Amino acid sequence: MLTQSQVASFRSQGFLQGGAVLTPEETQELRDALTRTLAGKSPKTPESLGNIGGGKGVVVQIVNEWEAEPAFRKHLSHPKIVAMVAQLMDTNTVRVWHDQVQIKPSHIGAPTIWHQDFPYWQVIQPAELVSAWVALEDATIENGCMSMVPRSHTWGQYPGGTIGIRDGDWEPTYDPARVPKGETVEVVPCEVPAGSVVFHHCLTWHGAPANYTGRGRPAIAVHYMPGHTRYEPTDFKHLVEKNITVEPGELLTGDHFPTVLEQGVLKG
Ligand SMILES: O=C(O)CCC(=O)C(=O)O
């Protein structure tokens, strides 16, 4: 559980380091499952697997790894993480929009361009999702830890969601008109040991440096939605939209969007 001051900090800053959530055994189990998926030996296939490094190196992205590997399905319902997410979203029903593994391989890991998540998720409303990003190896500035811009979740939607990154480093580039008067764009790196969680709001500006070290940087982010999240289709499409079985305007439920907490009861 989080303290009231941690919840208050998340609400004002748009992100929070939640501390250690996985045991070393749980972390290892996820790493082993990832190794199987990358070798094509998982029981099922994920929604997608590819390189999103964008010509600046490699970032292996796997979407809905939980559909491929039971250990990742179990991870969605991790009691510590789900309890914290419910507090942060102030809800007693939590569902999963999708998960996302991102691996920055040693020496060639590309930076993650500064962005907001929600503009890519227009097909669901409202913009109240919270992501739980868990490092599966120690994450530092050198190997590409998640980094946040405090308070940016209160600055509205950045058109298109992609903010920008300066060539040669990982400082954000941005349109100053998108930053409210009196605000500053400050970068806060979230260095965490393996098995620890960093939460961010779906409108928080975030990015991650490149990885030129000899240590890989695997991580799993689960994008959680409060129970009242609805399907509201627009022209903007999303990879997992084809899995939606409810009608426009209805609550986003269904087999591909697991309910992990219902009326305060944890679901496996
Ligand atoms: O793992 C990363 O470097 C980026 C992850 C991310 O952008 C997210 O979880 O929203």
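Atoms within a ligand are numbered from 1 in the order they appear, just like the ligands themselves. All values derive from a computational prediction rather than experimental measurement.
One finds no salt bridge joining Lys44 and Glu67 here, because no Lys/Arg side-chain nitrogen approaches an Asp/Glu carboxylate oxygen to under 4.0 Å. Residues Glu137 and Arg31 are paired through a salt bridge, judged by an N-O separation under 4.0 Å between the basic side chain and the carboxylate. A salt bridge is absent between Glu250 and Arg230; no separation between the charged side-chain nitrogens and carboxylate oxygens falls under 4.0 Å. Salt-bridge annotation for Asp167 and Lys56: present, with a side-chain N of the basic residue lying under 4.0 Å from a carboxylate O of the acidic one.
Aromatic ring centroids of Trp205 and Tyr158 lie under 6.0 Å apart. Under the 6.0 Å cut-off for aromatic ring centres, His238 and Trp97 qualify, their centroids lying closer than that. Two rings, from Trp66 and His98, have their centers 6.0 Å or more apart.
Residue Val59 does not touch ligand 1, judged by heavy-atom distances below 4.0 Å. If you look at Ala219 next to ligand 1, there are no close heavy atoms at all, none under 4.0 Å. In Arg217, the part holding a heavy atom less than 4.0 Å from any atom of ligand 1 is the side chain.
In this structure, Leu2 is not a member of the same hydrophobic cluster as Val198, with clusters built from ILVMFWY side-chain heavy atoms closer than 4.5 Å.
Set against the non-hydrogen atoms of Asp117, the atoms of ligand 1 under 4.0 Å away are 10 (O). Annotation for ligand 1: atoms under 4.0 Å from non-hydrogen atoms of His223 are 9 (O), 10 (O). Ligand 1 places these atoms under 4.0 Å from at least one heavy atom of His200: 8 (C), 9 (O), 10 (O). Within ligand 1, counting atoms from 1 as listed, the ones closer than 4.0 Å to a heavy atom of His115 are 7 (O). Contact atoms of ligand 1 toward Ala208: 3 (O) (distance under 4.0 Å to a heavy atom of the residue). Near Lys104, meaning under 4.0 Å from one of its heavy atoms, ligand 1 places the atoms 3 (O).
Atom 6 (C) of ligand 1 has His206 NE2, 3.7 Å as its closest protein atom, hydrogens excluded (heavy atom only). Atom 9 (O) of ligand 1 has as its closest protein heavy atom Ala221 CB, 3.3 Å. Here the heavy atom of the protein found nearest to atom 4 (C) of ligand 1 is Gln102 OE1, 3.5 Å.
At least one N or O atom of Trp133 sits closer than 3.5 Å to an N or O atom of ligand 1. Where the criterion is an N or O separation shorter than 3.5 Å, residue side chain and backbone included, Ser131 fails it with respect to ligand 1.
With no hydrogens or angles considered, no side-chain donor-acceptor pair links Asp32 and Thr35 at under 3.5 Å.
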